[in-house]
Each structure stands twice: as C-alpha cells, then as structure tokens.
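What follows is a single structure, written as structure tokens, with notes after it.
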Number of protein chains: 2
Amino acid sequence: MSVGIRHDDLRRRNRAMVIAAVRRAGQPSRTEIAATTGLSHSTISAISSDLIGEGILTESKPSEVGSLKRGRPQVGLGLNPEAAAVMTVVLSLNFLSVAVIDYAGQVIAEEQRRLDTLTMSRDALVGECVAIVRRRLEDPDLDVRSVARIALAIQGITDTRARAMLWSPITPHTDIAFADILEDEFGIPATMENDCNMMAIALRWRDPDRYRDDFIAILLSHGIGMGLVLKGELFTGTHSSGGEFGHMIHRPHGALCRCGRRGCVEAYAGNYAIWRNARQMSEDAEPVADVSDADMRALATAARERDGPEREAYRKAGEALGYGLGSLFALIDPAPVAMVGVSAAAFDLIEPALREAIAQTAGGQHSQSISFDTEPNELPLIREGCATRALTFVDQEIFAPGTQARSGLGGKNVA
Amino acid sequence: MSVGIRHDDLRRRNRAMVIAAVRRAGQPSRTEIAATTGLSHSTISAISSDLIGEGILTESKPSEVGSLKRGRPQVGLGLNPEAAAVMTVVLSLNFLSVAVIDYAGQVIAEEQRRLDTLTMSRDALVGECVAIVRRRLEDPDLDVRSVARIALAIQGITDTRARAMLWSPITPHTDIAFADILEDEFGIPATMENDCNMMAIALRWRDPDRYRDDFIAILLSHGIGMGLVLKGELFTGTHSSGGEFGHMIHRPHGALCRCGRRGCVEAYAGNYAIWRNARQMSEDAEPVADVSDADMRALATAARERDGPEREAYRKAGEALGYGLGSLFALIDPAPVAMVGVSAAAFDLIEPALREAIAQTAGGQHSQSISFDTEPNELPLIREGCATRALTFVDQEIFAPGTQARSGLGGKNVA
DNA sequence: TCTATTTTTTCGAGCCTCGAAAAAATAGTG
DNA sequence: CACTATTTTTTCGAGGCTCGAAAAAATAGA
C-alpha cells in the first residue's frame, strides 16, 4: 500500500518547502522562511546555504529590503533567474503561442502564430508545435541546457497523467501524445495540460486570498470549460483531465451540442449556442465552427440595447450555467467562481438568469454568498498557469529530487 | 503555508504505517510489513517492538501461521483486541442502532431500537442517542476507559469537520451537533458522519480490489445518497459532507422533491418518487413520508410481471439516475458503482433505462465498461464503515500521536 | 547432529533537525 | 566615535531516526 517515509525524504521535502516559500514570498529572509515553514533557523540556514551553493537561490543585497529596523539587517533570498528556464506552449483555436520563462518567473522570449487548426492534418499540427519550440530553443540568447520543462496547454480533454491530448474541439484529430513527442524531440520533460486547469492555477497564483483552497474557474468561450480546485488540489478526473462542466446534462434530449450529444450545458452557453439562439435558429442546427470575439461583443451590445432574441439567448445561457453550477454545488458545495473568456465580458447579461437558476437548486440556499469574478482574457491566464506549473515541477522534481546525489559542494562551508 | 516536516513526525508516520499494515493484512510477519511499507527490517523491528511493549500489537503463536517452509518461522503480528474499543451509532429513519467493537474489529456488543424519528422532539432524539450510548458504556463487560472513539452516522448532510448534522430527512430538526454533545457527555472523542460516506468506506474495506481508488456508492432508498471515493480519498464538499447526488438537477422545473425543490434526481428515483409514479400521482404531489420495504418489493414484483405504471416508474428512476451519473461522469470520469439499499434489489428494472441514459451523456463512450454491483442491505455496511473509520482514527491519532511522549518503557529491551 | 534457510534483532554509521550559544551586522546613544 | 541594544544568521553538540550488515534465533531436511 502506501509507503513508509525514509530518512532522505525528509531533507528532500524540506528543501522543496524552502524553495516554495521563496517562490511565494518573493524575497523572504531566512527568518521569515523559518516562520512560514515552521522549521528551525538552523535548518533553514543549512538548507538555504546548500541551495545558494547550488546556484538555485541568490542573496539579494540588504539595501533592497531596506529595513529601518535596528539590528543585523535581513538578507533577502531570491530565485536565481539563471538556475533554469521553462517553456509554455498554448494551443488554442487557430492560434499557437510560446513563451520562455526564467526560473524567477520572468518572460524572456515569446512567439505567436496563427494557424488553421480545424483543417490542419495531424502531422502539420504536431509539426507546427515542434517547429515553434525548436525556433525558441535555437535562440542564441537562450542556454538550451537550462530549459528544464515544457508545459503545453490545450483546450479539450487530456489524460490524467498529463501526457496526451485525448480530444479537443480545435482539431478533428484525437489522441495526440504531445508530451511524449516533445520529449522525444528535444529531450526535455514535457506535460500536456488542460487549459482550464491552468487558468485555475494562475488564478490562485494571482490572488491566493480569493482563490485558495476551493474555487472554480469557468471558461466561457466557444466551448465551456472548467478548472476546479478542491481542498487546495487541482481536481482531475480518474482517467482524464475531467471537470467537463460544459458537458453535464442540462436538459435531457435538449439542444444539439458540439460534442454530438444533446442537452449539454455548452449547447446553451457556448458562444455557438448563444449565437444560434440569438439568430433564432433551431436547437438542432449544427453548431458553427467559430464565432469571432467581435461578433460576440456585437451580440452582447444588441442584447443590452433591446429585449430581443439576443437577450433571450444570454438568458438561456445563464439558466444553463446556473442549473449546471447548482448541480455542481450539490456535489462540492458552493465556492468562489471566476468567469473567464469573451462571454465573461457579457456576464451582466448572464448573471440574473444564472442566479435565478442557482436559487432553484441545492446550492440556492447560499445563493447570495456566491461571488463571481470576471476576466475576459483567457490566454494570459493559461500561459501564467503553465509557467507556474512548470516552475513548480522544476522546484520539486529537479531541485529537490527523490533520492539522488545533489550536485557539487556537499557542505556548509560555502559562505 | 504548508509546514515543514519535523524529525519527530517521521517516527509518528512510520508507526501509523505499521499499524495500518497490520490492520489490513491481518497477521503479517515483520518481514511482510517491511515489504509492504518499504521500510527496512531494522526499522520495522524497532517499531513493532515498541508497539508490542505498549500493548497495541500482540505476537501470535508461530503455529497459527503454520508455514511449512524451512528456516525460522514467521511470527505473526496482530492487533491486540484489548488495546481499545470503539462505538458505532447509526441513526436512520425510525431506527437507532449501536455497536461496540474491539480494537481488532470484532463486534462485542450491540443494541437496536425503533423510534419515531420524524415526530420526535429535538431533545428526545438527542436524548435517545445519549441514552443508548450510556447503556452500552455501563455494560459491566466493557472497560469504559478503553472506549476511544464514537462514530455516528446519519442519513443527511453533515459538516466537513464531521461534528454536526446539518440537515437530515429523518427529522425536521436541523443543526444538531451530535459529536459535541456526545463528547461533552462522555468525554470520548466523537464524529458525526454521513451514512453514504461510511458505506463507501465499508465497501473499500470489504473488497479493496474492486473498490480501491475511485468508486461510487449510491444509496437507493427513500432518498438518494452518494458516497464517493476519488484518488483513494473520501470525497467531501467544501463545507458539508457534499456529494448530494440525489439533488443534482435532472429536469429543471421538474418533479417535486422531498427537499422542496424541483427536478432533483431523487424526485424521480427515491422510493417515494417511484411510489408516486407507480401510483400515477402528479409529479407535484407531496412526497409521502415513508414507503415500507415490503411495499417497494411489491412494486418491483408488479413491475416485473407486467408492463404498467410500475415498470414505467422504475424506468423513470433509471433515466434520472442515468443522466445524473452521466453528468457526474463528465466531472470525474466513469468509475465502478455500487448500488445499495432496497431499490438495489430492483436494479434489474432500473438498469436498462439507466444505461440508455448514460449512453446519451459524456460518460456514454465508456458505457459498456461501467459495472454495477448491488447490495440491498445498507445498515450493516454503514456500521462497518463507522467501525473502520473509528478504528483508523485510533490507529492514527491515539496510537501514533502528534508530538506526545509515548507511554512507558521507551526501549527495545522488552523481549 | 549438522547444515541450509529464513526471520528477527542488534549494532554502528550516517543524516537530519533542534536548541542554545556565538558571531555578524546594524541603529541608537551619550 | 566608542559602546550598547537589537536583530539576523551561523555554528556546534545533542538526540533521534533509518539503514545496511552482521549476528542471533529458530526451524526443516540430510
């Protein structure tokens, strides 16, 4: 069953703890780290001395902290930007974007490309991803050896182990093992993440007060996606990335969904569904491939101006989202929700019906206390999430590795 | 944030690990424990020597193991039944049952009572629980001091911390802090658990091969409940016991549910709902308070005999359960399901419509691979779950405590 | 009785964390 | 400007824990 704790695990975990404390706090002193981790000063001293010796952390000048207190000034510890780098690859509908990020979290290079993802062949799609990564890696300003991790994100379903895309609305092809492909090509560990999960991670990173242990990130875009954090952990399905909120059933035998089934939440609340209803097309009408953000904004403007089919379309979207959230809340209890994506900008049109629907459900008793936040731009969020995730991997798996000799100078006599 | 690992934690966790290994394996030798925990023989030897010295474990005679191998015979380690005892209290509709269980898991006493829970006053209900516990504690055969934990289970919603019942269908009263009440009364740590969660725990204990990391236990009774294990952990809501599968919305504005809302899964699949549909009453008809098991069995018999309203009622139940499961599977992916309770005996009537409905949902792609198991009797399961939970608490919190001096003989020179 | 085999215990080495004390580095103070 | 108070950081020895190797224990077969 579960395994006992070895003695070596102790140091490993505490190393990881120190690195995590520095990443979260920015420039904490050793004393601060001791306070947040609960470890003793001596232990922190020993571990940080190791980490500085290994080039993972750096001491910042006392002046930067600028304390006006008496006594020996604190020495801030920071992440050494050159200790490593990671790459993020975000693949969305007709769009591919890559960024290189240093160990301290700063973007040091990026590149973006428009593609026609819906019609590309499988090989072409994979080829574009590989090519854009290669171009970044060939950048003379970048030390290739320092790139320790590549995190891809895609809209759609990925497997639990974050190795492959299983299904995605942006391409007709399925089961593409992006992580393995990139690893084989470049020899750099890679993962294939779900876009909404990365949004959730970024939200927590941005605002840990609001998004801490339990919250929901919902992508209101062409499709409906969800990233869910429960009890401080990213929630994933047993086999796949899970959390397919958009494909919970809102109305049995209801409107036709892009996934081919009927009555999904997405079939009422996805951009194509709002579009379809606003145009008063049949619920059986085949979903359109894409609706531009500009068109969606125009729809929202029309809905705000007059009571007509546009307004009704947003109302239906709100109702579907509300009942869906209500069912979700029956399972997990209410939690803060962030609405992300172009339709989040039209949340004023969605919210009334959404709240009314929630009030009809088990979550309704807390209807008032449920708070919504909106963020119209999902792409930066997804990239931030990927970066955070990749850097966390480096922190934990590369710089606090399982049972492996630590590089060089094994001692304390570095200072 | 999260806290570093102290040196003392190491031993604590490994002690817990050893106890857990013994509880799971029954009579394992030290060598076996070393293998399952991954710790060295020396460590296991030291820890088990401590545990035996403290009276937590006992050595069983070599003969019992009865190996025919050459070499020094293995000495089996077992839980000392007298090391502690726990009590389970299961409160269900019109029925209260208590059991006393020794540290090795054997029932050593029990008592049951019929009540009229729906009409009792709050004080009377609490009073009955306190009284039945007191009677068991006054049993001269029982050493009161050895009782280390009381686990209550109730149908309904409990809080995350397992202290209080928040709402239950078996009584009109709400927010009863049973755990605190019993602790104050008897000075024994207590918890208030959700019945379906205990079912899930018992299922895993009974059949860890089938029910290991991810599975679902659904109670098909007067109401519909669910216990959910995900990634090896019991799933609870953020504030309450959560997993209110029965109150996911099947049809917006649909049939009247016992909870007062409309369209819940339970409003189609609970006993009262099947009864209501079988009698061709309106979906708006007030749910009846109780339907006897005998009546439900008669309904099932009628449904099997002829195609009529009874059969249709079960079909509707299956449909509601199927769409609900489908939505659940969209979130967590499919997992093995156990159907528990009186209507599980009529699962043959439910299954076709259920599978058909699931096939319409995101879970449909795996429709074939989803397997259902049935267990008509929920009470023993709930009790077993409580016992397992209470004993696990004793294992971890009492016999492998945080940072606390271990009792007596601190040494290895006990043998 | 002796040997092979398997389980369990013992023992010393190597780490790790901790608390206390020392060292380092600064701001006030007269 | 020397001295003191104060705060941070490092050093050092003590105490624990786990591990591997070797020893001890306990049995079956020859």
Side-chain angles (χ1 to χ4, degrees), chain A residues 3-15 17-18 27-35 37-53 57 59-63 65-77 400 403 405-406 410-415, chain B residues 3-15 17-18 27-35 37-53 57 59-63 65-77 400 403 405-406 410-415:
Chain A
V3 114
I5 301 185
R6 305 285 196 60
H7 210 174
D8 1 341
D9 288 345
L10 239 176
R11 192 48 170 281
R12 197 191 104 246
R13 296 201 198 190
N14 287 342
R15 271 172 71 98
M17 200 74 61
V18 170
Q27 293 271 321
S29 69
R30 291 166 174 80
T31 307
E32 277 176 65
I33 299 173
T37 60
L39 296 168
S40 72
H41 286 189
S42 2
T43 302
I44 299 303
S45 183
I47 292 177
S48 45
S49 166
D50 281 1
L51 292 173
I52 291 169
L57 299 185
E59 289 187 325
S60 61
K61 297 192 181 67
S63 61
V65 180
S67 72
L68 295 170
K69 285 181 303 183
R70 220 189 242 230
R72 178 172 176 174
Q74 301 187 353
V75 180
L77 294 178
T403 312
R406 260 151 248 128
K412 315 180 172 183
N413 297 328
V414 183
Chain B
V3 114
I5 301 186
R6 305 284 196 61
H7 211 172
D8 6 342
D9 288 346
L10 239 175
R11 191 48 172 279
R12 197 192 105 245
R13 296 201 197 190
N14 287 341
R15 271 172 72 97
M17 200 74 61
V18 170
Q27 294 272 319
S29 70
R30 290 165 173 81
T31 307
E32 277 176 65
I33 298 173
T37 60
L39 297 168
S40 73
H41 285 190
S42 2
T43 302
I44 300 301
S45 183
I47 292 176
S48 45
S49 165
D50 280 1
L51 292 172
I52 291 169
L57 299 186
E59 289 186 325
S60 60
K61 300 193 179 66
S63 61
V65 179
S67 71
L68 294 170
K69 287 181 301 184
R70 219 190 244 227
R72 179 172 175 173
Q74 301 186 353
V75 180
L77 293 178
T403 311
R406 260 152 247 127
K412 314 179 174 183
N413 298 328
V414 183

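By convention in this document, chain letters (A, B, ...) are assigned in the order of the sequence lines, proteins followed by strands, and residues within each chain are numbered from 1. In what follows, every heavy atom counts, from backbone to side chain, and hydrogens, waters and symmetry copies are set aside.
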[X] [atom1] to [N] [atom2]: how many Å, rounded?
X     : N      : atom1 : atom2 : value
A:I44 : D:dT11 : CD1   : P     : 15 Å
A:M17 : C:dC16 : CE    : P     : 15 Å
A:L39 : D:dT10 : CG    : C1'   : 17 Å
B:E59 : C:dT7  : CD    : P     : 15 Å
A:I52 : D:dT9  : CD1   : P     : 10 Å
A:H41 : C:dA24 : NE2   : C1'   : 15 Å
A:L10 : D:dG15 : CG    : P     : 20 Å
A:I47 : D:dT9  : CD1   : P     : 15 Å

Looking at [N], I'd like to know if its phosphate oxygens (OP1 or OP2) sit under 4.0 Å from a side-chain N or O belonging to [X].
X     : N      : value
B:T31 : C:dT8  : yes
A:S29 : D:dT8  : no
A:R11 : C:dC15 : no
A:N14 : C:dC16 : no

Q.
For the backbone of B:H41 and the side chain of B:S45, can you confirm whether one donor and one acceptor N or O come within less than 3.5 Å of each other?
A. no

Q) How long is the span from the CG atom in B:L10 to the CZ atom in B:R15, to the nearest 0.5 Å? A) 13.5 Å

Q: Please tell me which of the listed nucleotides, D:dA26, C:dA4, C:dG28, lies nearest to the side chain of A:R70?
A: C:dG28

Q: Name the closest nucleotide to the B:R30 side chain, picking from C:dT9, D:dT10, C:dC16.
A: C:dT9

Q. Taking all atoms of both residues into account, what is the closest heavy-atom pair of B:S60 and B:V75, and its distance?
A. O-CG1, 3.7 Å

(Q) Strictly by Watson-Crick or wobble contacts shorter than 3.5 Å, is anything paired with C:dT9, and which nucleotide is it? (A) D:dA22

Q. Between A:S45 and A:R72, who's closer to the 5' end of DNA chain D by nearest nucleotide?
A. A:R72

Q. Hey, does B:S42 reach any base, or is it just sugar-phosphate, or nothing, if we go heavy atoms under 4.0 Å?
A. base

Q) Where do B:R13 and A:D9 land on the salt bridge (Lys or Arg N to Asp or Glu O under 4.0 Å) test, with the steps shown first? A) CA-CA 13 Å; B:R13 296 201 197 190; A:D9 288 345; over 6 Å; no

(Q) Can you see whether A:T43 engages A:S40 through a side-chain donor-acceptor pair at a distance of less than 3.5 angstrom? (A) yes

(Q) Base of D:dG20, side chain of B:S40 - is there a donor-acceptor contact under 3.5 Å? (A) no

